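Accompanying notes for the structure given below.
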Amino acid sequence: MCAHLGNEDLRWLVGCAQGCRVLQSFVEQANGEYGLVRNIVEHVLARFRELGQHKFANFIVQEVIKYSEYARAQVSGILYGHVAELSVNQFGTYVVIACYTHCDQKTKSNMTEEIIERVDKLLYVKEGSYVFQAALKYSPEYVARELARRLLPRLVRTGPHKYVYQAIMKLGYDG
């Protein structure tokens, strides 16, 4: 059935909760078989940043990242220059965390380098705290330590930053 879905069908399905759930099921059941869900993956990749910030569509973006090796290989180029934009969005944060969880080390490193450049932008939004934690947990150590070095002097050790501070301490970084 997936192969017969056109762009208009997909555009409608990703815009509603039930449609996204149906698409998620297709992607999960295909279990990485790109040919079975090719049009869904291509649709998501073509509108990655837009869908990643949508209250329902972000779920299908996360599933595509999780299950499609092809999609994960494309993420670095799609995200380049836009990690901070997604990171300050309530729903985009989930997509960024999915990228940290499932993408390769080079992509994680590139994402964290962009976050390092935009620390001040992310520091004062609650979503930034979640992204910092994911970056510290999943990034290669040398990049995570640089992020920790930039963050530590700016952190308030209470509120949402408390968890970022704890993630830095887990790295064994003390400044």
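The shown structure was predicted, so the numbers you read here are calculated from the model rather than taken from an experiment.
Counting heavy atoms from C-beta on, the side chains of Leu123 and Leu155 come closer than 4.5 Å. Taking 4.5 Å as the limit, every side-chain heavy atom of Tyr100 sits out of range of all side-chain heavy atoms of Thr107. At least one side-chain heavy atom of Gln166 sits less than 4.5 Å from a side-chain heavy atom of Lys162. Under the 4.5 Å side-chain criterion, counting only non-hydrogen atoms from C-beta, Phe56 is not in contact with Val14. At least one side-chain heavy atom of Leu122 sits under 4.5 Å from a side-chain heavy atom of Ile115. Side-chain contact between Asp120 and Arg154 is present, with heavy atoms from C-beta onward closer than 4.5 Å. You'll find the side chain of Met111 stays beyond 4.5 Å of the side chain of Glu114, heavy atoms only. Counting heavy atoms from C-beta outward, Val75 and Phe48 have side chains that approach closer than 4.5 Å.
Remark: the backbone N or O of Asn89 is not paired with any side-chain donor or acceptor of Glu127 at under 3.5 angstrom. In this structure, the side chain of Gln24 does not engage the main chain of Glu63 through any donor-acceptor pair within 3.5 Å. No donor-acceptor pair under 3.5 Å is formed between the side chain of Glu42 and the backbone N or O of Arg38. Arg145 contributes a side-chain N or O that, together with a main-chain N or O of Leu171, makes up a donor-acceptor pair within less than 3.5 Å. Side chain of Arg72 to backbone of Cys103: no donor-acceptor contact under 3.5 angstrom is found. A donor-acceptor pair under 3.5 Å is formed between the side chain of Ser25 and the backbone N or O of Arg21. Although no hydrogens or angles enter the test, the distance criterion places no donor-acceptor pair under 3.5 Å between the side chain of Ser139 and the main chain of Thr112.
For Lys121 against Ala84, the heavy-atom pair with the smallest separation is CD-CB, 4.4 Å. The two residues Gly52 and Val61 have their closest heavy-atom pair at N-CG2, 3.9 Å. The two residues Tyr94 and Gln90 make their nearest non-hydrogen contact at CE1-O, 3.5 Å. Pairing each heavy atom of Thr93 with each of Ser87, the nearest pair is OG1-O, 3.2 Å. The minimum heavy-atom distance linking Ala144 with Leu136 is given by the pair O-CD2, 3.5 Å.
Side-chain polar atoms of Ser109 and Gln105 form no donor-acceptor pair below 3.5 angstrom.
Note that OG1 of Thr101 and NZ of Lys137 are 7.5 Å apart. Values are rounded to the nearest 0.5 Å. Distance OH/Tyr163 to CD1/Ile168: 15.0 Å, rounded to 0.5 Å. In this structure, the separation between CG on Leu51 and CZ on Arg11 is 9.0 Å, given to the nearest 0.5 Å. Interatomic distance, OH of Tyr142 versus CG of Leu147, reported as 13.0 Å (0.5 Å rounding). To the nearest 0.5 Å, the span separating NZ on Lys55 from CZ on Phe91 amounts to 7.0 Å. Annotation: the span from Leu86 atom CG to Gln53 atom CD amounts to 5.0 Å, rounded to 0.5 Å.
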Could you give me the CA-CA distance, side-chain angles and deciding distance for Val83 and Asn110, then say whether side-chain contact (heavy atoms from CB on, under 4.5 Å) is met?
CA-CA 9 Å; Val83 176; Asn110 291 342; over 6 Å; no
Begin from the C-alpha positions of Ile65 and Cys99 and carry the test side-chain contact (heavy atoms from CB on, under 4.5 Å) through to its verdict.
CA-CA 7 Å; Ile65 292 166; Cys99 291; 3.5 Å; yes
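Residues Leu13 and Phe59 fall into different hydrophobic clusters, defined by Ile, Leu, Val, Met, Phe, Trp and Tyr side chains chained together at heavy-atom separations under 4.5 Å. Follow the hydrophobic side-chain contacts under 4.5 Å out from Met169 and you reach Val119 in the same cluster. In terms of hydrophobic clustering, with Ile, Leu, Val, Met, Phe, Trp and Tyr side chains grouped at heavy-atom distances under 4.5 Å, Ile60 and Trp12 are assigned to a common cluster. Note on Leu79: it does not cluster hydrophobically with Ile97, by side-chain heavy-atom contacts below 4.5 Å among ILVMFWY residues.
Look at Lys108 and Glu113 and you find no salt bridge, because none of the NZ, NE, NH1 or NH2 atoms lies under 4.0 Å from a carboxylate O. Using a 4.0 Å cut-off between charged side-chain N and carboxylate O, Glu50 and Arg47 make a salt bridge.
Heavy-atom contacts from other residues, nucleotides or ligands closer than 6.0 Å to OH of Tyr130 number 12 or fewer.
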